[in-house]
Protein chains: 4
Amino acid sequence: MPKISEQQWQERRQQILEAAWRCFFRNGVQATTIDDIIGESGMSASAMYRYFNGKDDIIRTAIASSLTGLGAALGPLLTGAEPQPPAGWMGEMLKGIERFCARRDFNLMPLGIHGWSEAQRDEEVRNVLRGYYLQFRAQIVARVEAWQRAGLASAEVPAIDVAETLMSTLLGYIVQATIMRDLGPESHARGLAGLMTASGADPR
Amino acid sequence: MPKISEQQWQERRQQILEAAWRCFFRNGVQATTIDDIIGESGMSASAMYRYFNGKDDIIRTAIASSLTGLGAALGPLLTGAEPQPPAGWMGEMLKGIERFCARRDFNLMPLGIHGWSEAQRDEEVRNVLRGYYLQFRAQIVARVEAWQRAGLASAEVPAIDVAETLMSTLLGYIVQATIMRDLGPESHARGLAGLMTASGADPR
Amino acid sequence: MPKISEQQWQERRQQILEAAWRCFFRNGVQATTIDDIIGESGMSASAMYRYFNGKDDIIRTAIASSLTGLGAALGPLLTGAEPQPPAGWMGEMLKGIERFCARRDFNLMPLGIHGWSEAQRDEEVRNVLRGYYLQFRAQIVARVEAWQRAGLASAEVPAIDVAETLMSTLLGYIVQATIMRDLGPESHARGLAGLMTASGADPR
Amino acid sequence: MPKISEQQWQERRQQILEAAWRCFFRNGVQATTIDDIIGESGMSASAMYRYFNGKDDIIRTAIASSLTGLGAALGPLLTGAEPQPPAGWMGEMLKGIERFCARRDFNLMPLGIHGWSEAQRDEEVRNVLRGYYLQFRAQIVARVEAWQRAGLASAEVPAIDVAETLMSTLLGYIVQATIMRDLGPESHARGLAGLMTASGADPR
DNA sequence: GATGAATGAGTCTTCATTCAT
DNA sequence: AATGAATGAAGACTCATTCAT
């Protein structure tokens with residue numbers, strides 16, 4: 001066979017990554033064997049090793065790749081110019097996450113959870129996640145500052161604190177969505193509104 | 001009739017569970033071998049099998065046991081009568097979680113993450129977590145209703161929605177605390193206050 | 001099973017080492033698989049791993065162990081007080097080596113060759129061999145000095161040079177014995193005598 | 001009809017053999033993979049299979065080829081007419097071997113050792129080595145007979161015995177040179193002289 | 001004719017669990 | 001009752017060789 005084209009090479013990698021996602025979705029990251037992925041991808045063991053250096057390489061790439069995709073999917077909501085207020089923004093963000101994670105035969109949310117778990121024991125994975133999340137959070141900070149200028153968030157509180165809080169709410173949604181499986185994006189939009197429109201002030 | 005007393009039996013189990021916690025903290029759940037736990041606990045392999053049915057049994061018990069402890073630790077804050085407002089409550093809850101999770105030679109937060117991951121592939125673990133979290137959330141609902149009566153949360157919004165949102169914020173805090181490791185309980189207390197004291201309304 | 005006794009443990013190790021020797025004798029060191037050794041030893045794979053850390057551990061121990069045995073077998077000839085002259089000594093040394101290497105169902109000479117080969121790519125093996133051989137050579141130096149005092153070797157030449165030369169002759173014998181397989185200890189005894197009893201001097 | 005000329009074909013083979021030598025020198029024979037050689041030679045996998053039948057073919061040819069070269073390099077010393085006495089001859093032989101084995105980026109001595117090792121498990125390799133060495137030894141016999149006529153070796157001892165002994169010394173030198181790495185050709189020239197010029201006789 | 005991607009048998013090693021003592 | 005040695009199935013990964021392009 002002649003040398004494979006760059007495009008074919010990328011397609012092969014993607015094929016393997018998707019197989020890995022399906023396996024991780026079903027069994028978790030650690031419990032997935034390389035043979036599971038090989039079987040799911042329809043390739044031979046050694047063919048796969050031409051495209052990835054090993055299990056860890058697949059895990060890291062699968063996690064990083066899903067985060068890249070998520071970042072691209074949520075970009076407009078994070079950097080867009082329209083001054084949507086917090087509660088609505090929260091609903092849109094979660095809808096965007098749900099939409100991005102739902103795939104034909106698997107869902108990326110559990111993979112996200114597995115990624116957090118993996119990050120606890122693989123410093124490299126943690127650094128990848130950390131990098132993406134910090135970037136993500138920085139974008140939320142910008143959004144919060146816009147809200148502060150518009151009077152939709154208190155200017156007395158550092159924007160970073162608000163951003164961290166909203167980030168937690170987004171991340172925690174994923175936990176409840178995968179463990180309880182009884183809530184949707186609207187719930188948090190309403191919930192956040194319910195906190196923000198309290199009649200009595202809450203000066204902590 | 002058992003040779004050892006019920007109390008001794010429980011102590012043995014606790015001894016093994018703490019060994020498991022330390023191992024899980026260091027290596028994650030799946031990467032921890034039963035031999036790791038045996039070595040850490042100072043018992044013999046077969047002795048351990050008298051107290052637990054196997055690895056899965058240990059995992060499930062370790063996770064359930066930590067949740068029981070956490071529930072007991074946070075109980076007063078959840079069911080107590082004092083009408084602490086949302087932002088302050090958030091700070092106290094997170095402080096309580098941090099305090100409960102910090103142990104001499106390990107931290108239970110990563111174990112929580114591993115538990116979520118485990119729940120994705122072990123329905124039994126998921127049910128255990130789900131049960132605890134639902135109970136937990138129900139207690140938050142009661143708290144939100146108290147806030148609604150006190151005008152600290154909008155009565156127009158179902159209390160369950162607000163409770164779900166706050167629950168997400170609590171859970172997401174754990175993610176950021178274990179991945180970014182750059183935030184503390186106060187941050188979320190301030191952040192929540194920043195959202196609640198916005199001058200402009202946010203009618204979703 | 002209760003804890004195995006030190007003696008039983010050593011016997012197990014010896015059992016594995018002898019299996020390894022047989023395999024190495026037949027197939028060489030690198031071409032021998034750990035499964036070959038396991039099969040030959042009659043143990044299970046995992047049982048074997050209780051006694052050795054892996055293939056390299058077996059290789060190194062097999063080589064070191066055979067050298068220790070050889071050193072013990074040749075000790076008397078090297079350190080004994082009787083002033084046997086060079087040619088006779090050469091014959092006795094080679095007979096001792098032959099006797100030590102001949103086992104019931106294998107021969108250690110090829111293992112020696114494999115050890116030299118292994119030493120070229122495993123620095124640790126090389127250091128082990130080097131240590132034994134230096135010690136060995138030092139003993140020959142002492143012997144040569146005795147000969148020099150008795151007039152059986154020229155005192156004009158450093159004893160170390162003579163020792164190195166004799167050491168080469170001993171080592172080279174092993175090469176010819178395993179490649180050509182057409183010579184015996186007596187041959188070298190005679191050959192050395194033939195060189196030493198030349199009528200004409202040889203002042204290089 | 002072949003597309004490439006006989007000369008080109010030989011050049012290609014030589015190119016591969018030199019790549020193999022470098023790999024064998026670095027990693028030993030068995031530990032060298034065919035991919036190592038392919039990478040080192042700069043050819044493609046299948047191109048290489050046009051010039052050699054497989055790994056064993058390369059090994060055998062690499063060993064045989066180095067021996068052919070060595071024979072050519074030492075020929076003058078072995079068959080030349082000059083009546084150099086034993087000790088000097090020994091020094092010259094070893095110098096010739098050292099000179100032949102030292103290459104720009106590798107040394108053939110370790111390959112020689114690997115060849116001996118390989119011969120223990122590949123009868124065909126053994127036969128190749130054996131053939132070369134027997135021829136080599138026959139030439140030494142002729143040399144010894146010349147010494148006997150010149151009184152430089154005892155005529156009472158069969159020339160073959162002396163030749164075997166000298167051959168061992170030459171071969172053993174290679175062992176010490178690659179394992180201890182602390183000796184040079186002169187050492188053996190002196191050592192042999194030290195044995196031959198003893199004042200006392202050594203009638204075995 | 002030449003390429004290099006693909007193969008599948010094989011390599012070393014580890015694991016949860018059991019059972020002889 | 002308790003030990004810890006033993007197991008066999010499975011784990012990740014590699015290799016010499018082939019063959020579709």
Side-chain angles (χ1 to χ4, degrees), chain A residues 1-5 8-9 12 30-38 41-59, chain B residues 1-4 8 12 30-39 42-59, chain C residues 1-5 8-9 12 30-38 41-59, chain D residues 1-4 8 12 30-39 42-59:
Chain A
M1 300 173 184
K3 193 162 170 60
I4 216 169
S5 75
Q8 278 177 308
W9 194 73
R12 287 286 210 184
Q30 287 293 330
T32 292
T33 72
I34 207 84
D35 280 353
D36 290 341
I37 299 174
I38 287 162
S41 73
M43 312 182 69
S44 72
S46 25
M48 212 220 53
Y49 275 91
R50 288 188 71 79
Y51 297 96
F52 289 96
N53 287 331
K55 199 186 178 186
D56 280 1
D57 191 16
I58 296 183
I59 292 174
Chain B
M1 63 184 72
K3 264 274 175 62
I4 57 175
Q8 278 179 311
R12 288 285 213 175
Q30 287 293 331
T32 292
T33 71
I34 208 89
D35 277 355
D36 290 341
I37 300 174
I38 288 165
M43 310 184 71
S44 73
S46 33
M48 219 218 48
Y49 273 88
R50 291 187 64 78
Y51 297 97
F52 290 95
N53 289 329
K55 198 186 178 186
D56 280 359
D57 191 17
I58 295 183
I59 293 173
Chain C
M1 299 174 184
K3 193 164 173 56
I4 214 169
S5 74
Q8 279 177 307
W9 195 74
R12 287 287 209 185
Q30 288 292 329
T32 292
T33 73
I34 207 85
D35 281 353
D36 290 341
I37 299 174
I38 288 162
S41 73
M43 313 182 69
S44 72
S46 25
M48 212 220 54
Y49 273 89
R50 289 187 69 80
Y51 297 96
F52 289 95
N53 288 331
K55 200 186 177 184
D56 279 1
D57 191 15
I58 296 183
I59 292 174
Chain D
M1 65 184 72
K3 264 271 176 65
I4 56 176
Q8 277 179 313
R12 289 284 212 178
Q30 287 293 330
T32 292
T33 71
I34 208 91
D35 278 354
D36 291 340
I37 299 174
I38 287 165
M43 312 184 70
S44 74
S46 31
M48 220 218 49
Y49 273 88
R50 290 188 65 76
Y51 297 97
F52 290 96
N53 288 329
K55 197 186 179 187
D56 280 0
D57 190 17
I58 296 182
I59 293 174

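In this text, all values refer to a predicted model and were calculated from it rather than measured experimentally. Every chain is numbered from 1 and lettered A, B, ... according to where its sequence line falls, protein lines coming before strand lines.
- Rounded to the nearest 0.5 angstrom, D:Met48 CE and D:Lys55 NZ are separated by 11.0 Å.
- For B:Asp56, there are no side chain to side chain donor-acceptor pair (under 3.5 Å) partners two or more places apart in sequence or in a different chain.
- What separates CG of D:Asp57 from P of F:dA16 is a distance of 14 Å, to the nearest Å.
- The CZ atom of D:Arg50 sits 10.5 Å away from the CZ atom of D:Arg12 when rounded to the nearest 0.5 Å.
- Separating the CE atom of D:Met48 from the C1' atom of F:dT17 is a distance of 10 Å, rounded to the nearest angstrom.
- Close to F:dT3, at under 4.0 Å from its OP1 or OP2, lies no side-chain N or O of B:Arg50.
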Protein and nucleotides 11-15 of chain E: nitrogen or oxygen contacts under 3.5 angstrom:
residue: E:dC12; atom: OP1; partner: C:Ile34; partner atom: N; Å: 3.1
residue: E:dC12; atom: OP1; partner: C:Lys55; partner atom: NZ; Å: 3.3
residue: E:dC12; atom: OP2; partner: C:Ile34; partner atom: N; Å: 2.9
residue: E:dT13; atom: OP2; partner: C:Tyr49; partner atom: OH; Å: 2.6
residue: E:dT13; atom: OP2; partner: C:Lys55; partner atom: N; Å: 3.1
residue: E:dT13; atom: O5'; partner: C:Tyr49; partner atom: OH; Å: 3.2

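- Comparing B:Ala47 and C:Tyr51 by the nucleotide of DNA chain F that holds the closest heavy atom to each, the one mapping nearer the 5' end is B:Ala47.
- To the nearest 0.5 angstrom, D:Ile34 atom CD1 is 4.0 Å from D:Ile58 atom CD1.
- For the pair C:Met43 CE and F:dG8 C1', the computed distance is 14 Å after rounding to whole Å.
- Taking both residues in full, the closest heavy atoms of A:Asn53 and A:Asp57 are given as N-OD2, 2.9 Å, listed atom of the first, atom of the second, then distance.
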Quiz prompt | Watson-Crick and G-U pairing of DNA chain F, under 3.5 Å, as dot-bracket with | and [ ] | solution = .||||||||||||||||||||

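- C:Phe52 comes within contact range of no nucleotide atom at all, as no heavy-atom separation falls under 4.0 Å.
- As rounded to whole Å, 14 Å separates atom P of F:dC15 from atom CD1 of D:Ile59.
- The CZ-P distance, from D:Arg12 to E:dG1, rounds to 14 Å in whole Å.
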